[in-house]
Each structure stands twice: as C-alpha cells, then as structure tokens.
Amino acid sequence: MLILAIETSCDETACAVVEDGVKEICSVVASSKDFHEKTGGIVPEVAARKQVEFIVPVIDETFKQLLDKGFTKEDIAAVGVTIGPGLIGSLIVGIEAAKALSLALNRPLIPVNHLLGHIYANFVDNGVKIEFPAVVLVVSGGHTDLVLMKGHNNFEFLGGTLDDASGEAFDKVARLLGLSKYLGGRILSEAAEKCEKNTIKGKLPRPMIDSDNYDFSFSGLKTAVKRLVENEATPTEVVAREFENAVVDVLVTKTSKAVKNINAKTILLGGGVAANKYLRQEVEIEAKKLGVGLHIPPSRLCTDNAVVIGSTAFFNQVRKPLSEIQPNPSLGIMDLV
Ligand code: KG4
Ligand code: ZN
C-alpha cells in the first residue's frame with residue numbers, strides 16, 4: 001500500500017511516498033531555517049508564508065520522483081498529513097494541500113500526530129524486527145517524552161519534560177554560548193566534540209536524575225550554564241561538553257530505569273536530538289549493558305520529514321471525514337488525532 005504523506009508542522013515543507021509503512025519510495029524536504037537563522041528565531045508568520053511558497057514545488061517534485069520510479073498517481077492508496085503539534089499557520093498549509101490531493105486522487109486522508117512520526121522513524125527501512133514492549137525516548141525541539149510502545153497503535157505515556165524540551169535547552173545554550181542563533185543543537189554538539197578533556201565534569205546539575213518518576217526538567221540547566229559562563233572563564237568547548245554530558249546523563253539514566261522497571265525488550269530513539277552523536281553512543285553502551293535491543297533512526301529521519309508521517313499513517317490508519325481533519329497546534333503525544 002502506497003501512502004503519500006505531507007509534513008508542514010514547523011519550518012520544513014516535506015512530502016514523501018512510503019510503501020507499507022516501511023519502505024521509502026521518494027522523499028522531498030524544503031526548509032526555511034536559513035530565514036529564521038537571520039532573525040535569530042522562528043517568526044511563525046514567515047514560516048507559514050514559506051510553507052505556502054514551497055508546498056506546490058515540493059509535491060510536484062515528489063510526483064516527479066514517483067513517476068521516475070515507474071509508479072503512477074493511481075498507485076497511491078491514501079494520503080497522510082501531520083495535524084499537530086506545530087505552528088498553526090504552517091499546519092494549515094499542509095492540511096489544506098493534503099485535503100485537495102485527497103479529493104483530486106479520490107483517496108482517503110489519514111490524520112497523523114507529528115510526535116508519533118518521530119517514533120515511526122524507527123520502522124522505516126530498518127532491516128530488523130523490533131520486539132515489543134519498547135521504551136521510546138522522543139527528544140525534539142518541542143518535546144522530551146518517554147513512551148512505552150506495546151505494539152502499533154498501543155502506546156502508554158511514561159513521563160515528559162515539566163518545562164523546556166531537551167532540544168530547546170540545546171538551542172538556548174547554543175545561543176548563550178554565541179554558537180548559533182537558531183536550532184544550535186548540532187553546532188553545540190560539534191563544539192563539544194572539540195573538547196579533549198571535560199575539566200568541569202559534574203559542575204552542572206543533572207536535573208531530576210534520581211527522581212522517582214520518568215519526568216524531566218531542563219530549564220534549570222540552562223540557567224546553571226548562564227551562571228557558569230558569567231562567573232568563570234571556561235573555554236566554550238568545555239562548557240558545551242559538560243552541558244551535553246549533563247543532558248545525556250539524564251536522558252540515558254531515565255530511559256534505562258524505564259527499561260528495567262518495565263522489563264522492556266527494546267529501546268527506540270526519535271526526534272531531532274536523537275541525531276546527537278554522544279546520545280547515540282551512550283544509549284548504545286547502556287542497551288548493551290541491559291541486554292536489550294536498540295534501534296536509532298538515521299539522522300536524516302530524526303529531523304522533520306514526511307517519510308515518517310507516511311509510516312505512521314500506515315500503522316495507525318485513522319479514518320475521518322475531511323471536514324473533521326483540522327490542525328491542532330497543541331496535540332500531545334498521547335492525544336488522538
Ligand atoms: O524533531 P525536530 O527536527 O523538530 C521538532 O519537531 O522539534 O528537532 C529539532 C531539534 C532542535 O532543537 C535541534 O537543535 C535539535 O533537534 N538537534 C540536535 C542535534 N540535531 C538537531 N540537538 C543536539 N544534537 C544534535 N546533533
Ligand atoms: Zn519534529
């Protein structure tokens with residue numbers, strides 16, 4: 001079954017075709033992030049206007065790639081679309097385009113929760129069978145959630161951040177250290193890689209690391225970094241290293257605790273921060289120690305794209321009349337679409 005999927009929740013305009021939820025046939029992503037870099041943060045109005053500009057060329061290019069691979073438009077069995085969470089103006093553009101496609105192709109439209117998309121990045125072209133139950137760590141710019149996945153369409157919320165998401169903390173600290181004005185997670189991580197020795201190990205707090213739940217809190221960490229750089233002259237790469245260590249220590253410890261308590265068989269990672277090399281390395285070490293399976297999507301599927309939306313649509317085939325498919329900017333990870 002071929003699903004054509006559209007993702008426009010934030011500053012990426014993406015369209016893809018996915019077969020049976022697991023095979024990427026084609027994928028196109030355009031991004032307006034360079035514009036937001038200039039303004040030092042996302043301006044929702046600008047993001048929405050860029051979505052309008054990019055959506056038709058991105059869909060056109062996807063169809064071109066589909067036809068080049070020997071398929072026809074008639075081969076598409078359904079259309080999938082992100083309905084939230086995200087920026088309202090950006091979401092509307094993708095949803096309206098998806099509705100138009102659904103009508104033009106005479107195929108059903110499947111609403112998708114963007115956050116489940118980050119989980120389903122694990123199921124695309126992975127070549128392995130994922131064993132359930134799995135503990136999933138979803139770490140993106142807007143979310144940090146631990147979820148128990150018992151099977152497709154069968155999720156249980158374990159815990160989440162009480163304030164800033166881990167990606168948001170990376171971005172704010174990157175800005176504070178003067179590394180990047182917008183989405184600085186990757187740049188901060190590259191700075192940390194340059195640090196040969198963490199001479200301030202343990203100086204930053206590991207918030208809620210020992211708390212008796214699966215919740216997180218990262219806003220205090222950002223404040224602690226601010227105090228640290230104001231009071232001492234520590235090289236930027238050392239601060240970056242210690243910050244990354246602190247975030248990863250907490251993420252890995254909580255994930256490990258959930259795996260032990262639940263007796264889970266697998267750990268899955270998802271979301272933009274799952275592209276972080278140090279996190280990937282530390283989770284791998286922990287999974288080996290625990291003797292459980294581990295799957296981490298390739299970096300290109302960790303950040304926003306439509307392939308993972310097509311996969312989610314296949315495994316969670318919600319059917320609704322078009323008029324009831326509406327944007328929901330504040331959709332939570334466990335909310336029904
Ligand atoms: O999942 P995503 O593409 O968008 C949201 O749905 O939020 O995640 C974006 C987040 C940003 O905060 C970005 O700085 C962070 O993921 N990120 C990283 C890395 N690559 C992206 N954070 C840490 N290390 C990275 N290598
Ligand atoms: Zn995302």
Side-chain angles (χ1 to χ4, degrees), residues 5-14 16 29-33 36-37 40-42 44 47 81-87 90-91 94 112-122 136-145 160-161 164-177 179-194 216 218-219 221-222 240-241 243-252 268-283 296-309 311-312 329-333:
I6 292 182
E7 152 65 40
T8 64
S9 63
C10 190
D11 55 358
E12 264 89 26
T13 313
V29 183
S31 177
S32 60
K33 69 172 182 310
H36 313 306
E37 175 75 39
I42 193 157
V81 68
T82 298
I83 63 145
L87 301 170
S90 291
L91 288 167
V112 175
N113 183 331
H114 176 88
L115 295 168
L116 292 192
H118 282 308
I119 297 178
Y120 276 91
N122 289 284
V136 198
L137 176 68
V138 181
V139 274
S140 73
H143 287 79
T144 298
D145 292 314
T161 185
D164 289 359
S166 48
E168 194 178 348
F170 264 97
D171 296 339
K172 285 179 176 169
V173 170
R175 179 195 280 257
L176 202 119
L177 298 177
L179 294 168
S180 165
K181 286 197 278 180
Y182 180 63
L183 299 190
R186 187 179 48 80
I187 294 161
L188 189 148
S189 180
E190 284 165 4
E193 269 179 59
K194 292 194 191 115
F216 302 90
F218 291 109
S219 70
L221 190 51
K222 175 197 63 199
R241 170 84 283 153
F243 168 76
E244 191 174 62
N245 279 1
V247 174
V248 170
D249 278 355
V250 177
L251 293 175
V252 174
L268 303 177
L269 244 57
V273 182
N276 183 276
K277 280 193 210 158
Y278 183 63
L279 173 63
R280 295 166 86 96
Q281 175 194 312
E282 292 302 299
V283 174
I296 309 177
S299 295
R300 73 187 176 82
L301 292 179
C302 288
T303 46
D304 290 349
N305 66 87
V307 176
V308 302
I309 303 305
S311 175
T312 313
S330 53
L331 197 71
I333 194 158

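Read the numbers this way: they start at 1 and go in the same order the structure lists the ligands and their atoms. Keep in mind it's a predicted model, so treat the numbers as computed, not measured.
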* Within-4.5 Å side-chain heavy-atom neighbours: Glu7 and Val112 -> no
* Asked: Can you tell me how far CD of Glu37 sits from CG of Asp11, rounded to the nearest 0.5 angstrom?
  -> 11.0 Å
* Reported CG-to-CD1 distance for the pair Leu268 and Ile119, which is rounded to 0.5 angstrom -> 8.0 Å
* Shell of residues surrounding ligand 1, defined by a 4.0 angstrom heavy-atom cut-off that is strict -> His114, His118, Ser140, Gly141, Gly142, Gly167, Phe170, Asp171, Leu183, Gly185, Arg186, Gly271, Gly272, Val273, Ala275, Asn276, Cys302, Thr303, Asp304
* Counting backbone and side chain alike, does Cys10 bring an N/O/S atom below 2.8 Å of the Zn ion (ligand 2)? -> no
* To do: Decide, yes or no, whether a salt bridge links Glu168 with Lys172 under the criterion of side-chain N to carboxylate O below 4.0 Å.
  => yes
* Structure fact -> The atom name of the N, O or S atom in His118 nearest to the Zn ion (ligand 2) is NE2
* **Test item: Pro85 and Asn113 side chains (from C-beta on) under 4.5 Å apart, heavy atoms** => yes
* Any donor and acceptor pair, going by atom type alone, linking the side chain of Ser189 with main-chain N or O of Gly185 inside 3.5 Å? -> no
* To do: Considering only NZ, NE, NH1 and NH2 on the basic side and carboxylate oxygens on the acidic side, decide whether Glu190 and Arg186 come within less than 4.0 Å.
  => yes
* To do: Could you grab the angle centred on the Zn ion (ligand 2), going from OD1 in Asp304 to NE2 in His114, to 10°?
  => 90°
